[in-house]
Protein chains: 2
Amino acid sequence: MNNKNHPTRERILDAAEELFASGGFSAVSVRQIMKKAEADVSLAYYHFKSKRDLFEAVMLRRVEHLNAIRLRALEAVEKRHKDDAPTVEEIIEAFTRPLLELLAEKHDEWHYYFALIAQINNSPDLGGKLMTRYFDPLVSRFIDALRKALPECREEDLYWSYHFFSGALTLTFAETGRIDNLSGSRCRSSDMASINERMPAFIAGGFRALCARGQR
Amino acid sequence: MNNKNHPTRERILDAAEELFASGGFSAVSVRQIMKKAEADVSLAYYHFKSKRDLFEAVMLRRVEHLNAIRLRALEAVEKRHKDDAPTVEEIIEAFTRPLLELLAEKHDEWHYYFALIAQINNSPDLGGKLMTRYFDPLVSRFIDALRKALPECREEDLYWSYHFFSGALTLTFAETGRIDNLSGSRCRSSDMASINERMPAFIAGGFRALCARGQR
DNA sequence: GCAGGATTTCAACGAACGTTGAATTTTAGT
DNA sequence: ACTAAAATTCAACGTTCGTTGAAATCCTGC
């Protein structure tokens, strides 16, 4: 049998996800992954064809679910506003809240995945290519919504605003502990409630300020 | 003789910087670095003790200069405002403008360095530790200035705002080409004039919106 | 309970890895 | 010119890397 939940296949993906997240693709060997997965090395090549394919499989395992629930969140917001456009805050929240909920429900499952995405997003090798491949349709959909919320905004300002947002988002969800050190533990990377309270306000403020500037 | 400009030592650092920037520490071998530097492999271990120390040297080579000119930019802004506090925009610009100027003057020297920092900032392994070690004093200095510009702002909001800023900043200066793809080449990662126009406005808008929210 | 495919084990391959020590060449002070 | 130190070359070490093929075991449908 093949496509039912094979526990070993999942165990390999779990182990790979965690290890790839902490050091990137090259910092981790297949042997380390399979040791953590408690399975023979060659099983990695049986279930996946190569190390690269394993990496790809780690990415693909969660990306569809992620995109689906974010899209649903956006559609829910749009449905609440039949005629008028949603606010920028509401749209940003539809983009971020699903991430927070995934972490709240199943932190162990998603934490490493978000850390991995942060690294990919900031990698000159992969950032342009992989992020585009996996997230572009969804992101374009969100930018459409933002365009409606900010009808006077210039196109370039919209894209740059999203770009700044993207950097803030991926770093924040990577939970690197940086803000813990900087703030002397006054703030904590893992404090999702704080993020949920602050990120939409900050980002929406940024969008508005930049778009307002563009109309001058 | 030792501490004069040894061209080979610099060539090794240049090669290492470029290669580390594109794939991180582990994706690059010492042999690859030394091939690019056109020098024997063992010279890497003569000039630096190990691969890790070479990596550290790459980081250290530019960090002091970087921190110095940013500090100078901040002090210049503060000197312009004897009694009143500088605006948030001015402070953010003092933080970002030096980066833009370095890229404008010597793009080849600094481009890879910024890409490397983006990866480190987003690495769970190194992000908390290395960024804190290298940049904390300067960052705290900037946060002090921001506190004066936003005297009613809560401490937590200040730190979280800076955190969002940090993510946007490092991703933007990494020039990953992501925004190029997303915008259909309407915007370009390498377009420093666009960044200079937009980043301070966006970030300052974020700071203000978040601080205003905190006072409610 | 048997057949056949799915899964797992075991052993091994050649290549590349980080690192080192000794020999050699280049450089600088006298 | 001589010397000592600095810089570079060369060859090699043990380890780990990604990957593979064949044999053994497990599971499922009949």
Side-chain angles (χ1 to χ4, degrees), chain A residues 1-61 112 116 119-120 123 125-126 129-130, chain B residues 1-61 112 116 119-120 123 125-126 129-130:
Chain A
M1 295 293 109
N2 46 10
N3 63 356
K4 300 203 151 263
N5 265 7
H6 268 121
T8 49
R9 210 188 123 99
E10 295 292 314
R11 281 211 325 279
I12 297 173
L13 287 170
D14 289 342
E17 184 174 68
E18 177 171 346
L19 291 173
F20 282 148
S22 69
F25 178 77
S26 311
V28 182
S29 73
V30 179
R31 285 174 170 83
Q32 287 175 271
I33 293 168
M34 299 310 287
K35 188 169 188 178
K36 169 161 283 232
E38 295 181 321
D40 191 273
V41 203
S42 56
L43 277 176
Y45 298 89
Y46 173 73
H47 288 285
F48 315 90
K49 287 180 18 191
S50 65
K51 187 185 179 186
R52 278 227 96 85
D53 287 0
L54 170 56
F55 183 81
E56 185 106 357
V58 167
M59 288 300 299
L60 281 173
R61 177 167 61 151
Y112 295 113
L116 184 55
Q119 287 191 249
I120 292 174
S123 152
D125 263 9
L126 313 169
K129 281 172 272 222
L130 285 192
Chain B
M1 295 297 106
N2 46 11
N3 61 358
K4 301 204 150 262
N5 264 7
H6 269 120
T8 47
R9 210 187 122 99
E10 295 293 312
R11 281 212 325 278
I12 297 174
L13 286 170
D14 289 341
E17 183 176 68
E18 177 170 348
L19 291 174
F20 281 148
S22 70
F25 178 76
S26 312
V28 182
S29 73
V30 178
R31 285 174 169 83
Q32 287 175 273
I33 293 168
M34 299 310 287
K35 186 168 188 177
K36 169 160 283 231
E38 294 180 321
D40 190 273
V41 203
S42 56
L43 276 177
Y45 298 89
Y46 172 74
H47 287 285
F48 313 91
K49 286 182 19 190
S50 66
K51 188 185 178 186
R52 278 227 96 86
D53 288 0
L54 170 56
F55 183 81
E56 185 105 355
V58 168
M59 287 299 300
L60 281 173
R61 176 167 62 153
Y112 295 113
L116 184 54
Q119 286 191 248
I120 291 174
S123 153
D125 263 10
L126 312 170
K129 282 171 273 221
L130 286 191

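For clarity, every value in this text was computed on a predicted model and none was experimentally measured. Proteins get letters first, then strands, A, B, ... in listed order; numbering begins at 1 in each.
The side chain to side chain contact (heavy atoms under 4.5 Å, CB included) check on B:Ser29 picks up B:Arg31, B:Gln32, with sequence neighbours excluded. Contacts of A:Tyr112 classified as ring-ring contact (aromatic ring centres under 6.0 Å, His included), with partners at least two apart in sequence or in another chain: none. The side chain to side chain contact (heavy atoms under 4.5 Å, CB included) search around B:Ala57 returns B:Leu13, B:Phe48, not counting sequence neighbours. In this structure, B:Asp125 has no side-chain hydrogen bond (donor to acceptor under 3.5 Å, both in side chains) partners at least two apart in sequence or on a different chain. Applying the side chain to side chain contact (heavy atoms under 4.5 Å, CB included) rule to B:Tyr45 yields the partners B:Val30; only residues at least two apart in sequence or on another chain are considered.
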Could you list all N or O pairs between the protein and nucleotides 13-15 of chain C that sit under 3.5 Å apart?
none

Donor-acceptor contacts, no H, no angles, side chain residues 34-43 of chain B, under 3.5 Å, sequence neighbours left out:
{"unit_1": "B:Lys36", "atom_1": "NZ", "unit_2": "B:Glu18", "atom_2": "OE2", "d": "3.0"}
{"unit_1": "B:Asp40", "atom_1": "OD1", "unit_2": "B:Ser42", "atom_2": "N", "d": "3.0"}
{"unit_1": "B:Asp40", "atom_1": "OD1", "unit_2": "B:Ser42", "atom_2": "OG", "d": "2.8"}

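Near DNA chain C, meaning a heavy atom under 4.0 Å away, the residues from residues 50-59 of chain B are B:Ser50, B:Lys51. Listed by residue number, A:Asp40, A:Ser42, A:Leu43 are the residues of residues 38-45 of chain A with a heavy-atom contact under 4.0 Å to DNA chain C.
The bend of the helix from C:dG1-D:dC30 to C:dT30-D:dA1, defined by the angle between the axes of its first five and last five pairs, stands at 20° to the nearest 10°.
Residue pairs meeting the salt bridge (charged side-chain N to carboxylate O under 4.0 Å, His left out) criterion with at least one member in residues 47-58 of chain B, sequence neighbours excluded, are B:Glu56-B:Arg133.
Taking for each of A:Ser29 and A:Lys49 the nucleotide of DNA chain D with the nearest heavy atom, the 5'-most of the two is the partner of A:Ser29.
The aromatic rings of B:Phe20 and B:Phe25 lie parallel to each other, their planes meeting at an angle below 30°, with 60° marking the opposite boundary.
The distance between atom OH of B:Tyr46 and atom P of D:dT9, rounded to the nearest whole Å, is 12 Å.
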